[in-house]
Amino acid sequence: AKGDGRGCWRFFEPAMDADLRLQREFEFRLREALPRQEFEIHYQPIVDLGTYRPCTVEALVRWRHPELGLIPPDKFIPVAEETGLIIPLGEWILDAACHTGATWPDHVRLAVNLSAIQFRSGNLVDAVRGALARSGLPAARLELEITESVLLQKDHGTLAVLHELAGLGVHIVLDDFGTGYSSLSYLQLFPFSKIKIDKSFVADLSSRTDCAAIVSTVTNLAKALDMGTTAEGVETWEQVTLLRAVGCREAQGWLFGRPVPAVALCFEAAPFRAE
Ligand code: C2E
Ligand code: CA
Ligand code: CA
Ligand code: CA
């Protein structure tokens, strides 16, 4: 504001300029990344806690930057959303992931993350239908993961798109459950196939009884609503034991495997732990 002392402005301006220049440069490189084929998809198994075999594999995008190396999605997805790049990028991810998923055994599903912005693009349903048709992946083997941010746009358009997607035969999964606001009301909005319990609750599962209570309650609630649950961020066998005890049937985390390139996935190996 005026009169706050011009010294302050002189001090901050160059830094802000530099930040802005870096931001512009980043956006420019990100736009170029798609035609330059710098994006790659890594895949992480979601394990059935009854058989300890992968039942679903989640596609997680990365940016192979020529100088900065592998950039995680948290660093560029928000920028891609702001600039609209998420629309062509999201379509590329759907196509590439479905193409890969179609080569997996029949019982293994593919999970793809969708951004709220893709729901406003107007052609998400066509993009999904197209990716399925081109790849030959059956719709029933595709899970689309959305977060509460998609449902926050409480217009009828979003719900209509969700119903259209479900009409294709794909599964809709509610991701990062418990991290947003008024989560429970969202469960009534749409018939989700599955709820993914955010890793923040799983992390302290063995040390905090309140986290165990939350995971247990969400699992029971999901069951009552005829939905499944997947625990995210599972890193220890102790967590697996507790998850199984409360009836959670699927788990994803570094204990079972980090996200890896498609070639490194293995479906045929024996279960890690015999029952
Ligand atoms: P998310 O959908 O919740 O994905 C799970 C994240 O948890 C992934 O991070 C995964 O690598 C990480 N993770 C898996 N197991 C463990 C574990 O045991 N411990 C810990 N600490 N972390 C674990 P990643 O790959 O960095 O992705 C971050 C987020 O970026 C995703 O969160 C998702 O919101 C977004 N994202 C990733 N790929 C896509 C995409 O293709 N499209 C869109 N729209 N968003 C994406
Ligand atoms: Ca996800
Ligand atoms: Ca998640
Ligand atoms: Ca997340």
Side-chain angles (χ1 to χ4, degrees), residues 30 33-34 38-47 54 56-64 69-101 109-121 124 127-128 131 142-150 171-180 183 192-206 215 218 228-240 243 248 250-262 264-265:
L30 190 60
L34 200 53
E38 288 171 0
F39 291 109
E40 51 188 77
I41 302 176
H42 287 195
Y43 296 89
Q44 186 182 31
I46 298 168
V47 166
T56 302
V57 175
E58 181 174 3
L60 295 157
V61 70
R62 276 97 180 81
W63 177 13
R64 179 83 57 188
L70 207 61
I71 302 181
D74 288 335
K75 291 261 161 56
F76 64 85
I77 291 283
V79 182
E81 289 178 332
E82 280 164 32
T83 58
L85 182 78
I86 193 68
I87 303 299
L89 175 58
E91 286 177 12
W92 177 82
I93 292 166
L94 270 169
D95 260 323
C98 286
H99 188 80
T100 297
R109 293 178 180 180
L110 163 72
V112 176
N113 293 283
L114 295 181
S115 154
I117 309 293
Q118 290 176 271
F119 279 80
R120 292 186 229 142
S121 74
L124 178 59
V128 172
L142 180 60
E143 296 180 355
L144 298 175
E145 298 194 358
I146 65 161
T147 58
E148 290 167 353
S149 62
V150 169
H171 307 272
I172 311 291
V173 174
L174 187 54
D175 204 352
D176 296 351
F177 187 75
T179 57
S183 311
F192 296 101
S193 302
K194 213 153 62 176
I195 297 169
K196 295 185 85 170
I197 303 173
D198 192 72
K199 49 178 169 281
S200 54
F201 303 106
V202 178
D204 296 328
L205 201 54
S206 40
V215 171
V218 171
T229 41
T230 303
E232 298 194 272
V234 175
E235 297 179 0
T236 67
W237 283 111
E238 196 179 2
Q239 289 166 338
V240 170
L243 288 167
C248 180
E250 293 182 8
Q252 176 179 16
W254 294 344
L255 177 67
F256 301 115
R258 301 214 176 207
V260 292
L265 280 175

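This one's a predicted model, so the numbers in the text were calculated from it and none came from an experiment. Below, all heavy atoms of this structure are taken into account, side chains as well, without hydrogens, waters or symmetry copies. Counting starts at 1 for both ligands and their atoms, following the listed order.
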Self-check item: 3.0 Å cut-off met by an N, O or S atom of E232 to the Ca ion (ligand 3)
Solution: yes

Quiz item: So, is E145 placed with an N/O/S atom under 3.0 Å from the Ca ion (ligand 3), counting both backbone and side chain?
Solution: no

Given that the side chain starts at C-beta and the backbone is N, CA, C, O, which of these parts of [X] lies under 4.0 Å from ligand 1, counting heavy atoms, or is it both or neither?
| X | answer |
| --- | --- |
| D176 | side chain |
| T147 | neither |
| K196 | neither |
| I93 | side chain |

Would you say the side chain of [Y] lies within less than 4.5 Å of the side chain of [X], judging by non-hydrogen atoms?
| X | Y | answer |
| --- | --- | --- |
| F177 | E148 | yes |
| L114 | L124 | yes |
| I195 | T230 | no |
| V57 | I46 | no |
| T100 | Y43 | yes |
| P88 | E91 | no |
| L70 | E40 | yes |
| Q252 | P45 | no |

Exercise. Tell me, yes or no, whether the heavy-atom count around H42 atom NE2, taken from other residues, nucleotides or ligands under 6.0 Å, exceeds 12.
Key: yes

Atoms of ligand 1, numbered as shown, that sit under 4.0 Å from any heavy atom of [X]:
| X | answer |
| --- | --- |
| D74 | 28 (C), 29 (C), 30 (O) |
| V234 | 18 (O) |
| G253 | 15 (N), 18 (O) |
| P73 | 24 (P), 25 (O), 26 (O), 27 (O), 28 (C), 30 (O), 36 (N), 37 (C) |
| R62 | 11 (O), 24 (P), 25 (O) |
| S115 | 44 (N) |

Practice problem: Among the N/O/S atoms of D176, select the one at the shortest distance from the Ca ion (ligand 3) and name it. | Solution: OD1

May I ask you to check whether [X] has an N/O atom sitting below 3.5 Å from an N/O atom of ligand 1?
| X | result |
| --- | --- |
| V61 | yes |
| Q118 | no |
| N113 | yes |

Self-check item: Min heavy-atom dist E81 to ligand 1 below 4.0 Å
Solution: no

Practice problem: Mark the output for Q252 as yes if a heavy-atom distance to ligand 1 is under 4.0 Å, and as no if none is. | Solution: no

Quiz item: Would you call the rings of F76 and W63 parallel, tilted or perpendicular, where under 30° means parallel and over 60° means perpendicular?
Solution: perpendicular

Exercise. Indicate the ring-plane relationship of F256 and W237, choosing parallel, tilted or perpendicular according to the 30° and 60° boundaries.
Key: perpendicular

Quiz prompt | Identity of the nearest option to atom 6 (C) of ligand 1, non-hydrogen atoms only, from K199, H42, E58 | solution = K199

Quiz item: Hey, looking at atom 18 (O) of ligand 1, which of W254, F39, F76 has the closest heavy atom?
Solution: W254

Exercise. Run the salt-bridge test on K196 and E250 with the 4.0 Å N-O cut-off and return the result as yes or no.
Key: no

Practice problem: Could you grab the distance from atom CD of E143 to atom NZ of K194, nearest 0.5 Å is fine? | Solution: 3.5 Å

Exercise. Have a look at the Ca ion (ligand 2) and estimate, to 10 degrees, the angle subtended by OD1 (N113) and OE2 (E58).
Key: 90°

Quiz item: Among the N, O or S atoms that D175 has, which is closest to the Ca ion (ligand 2)?
Solution: OD2

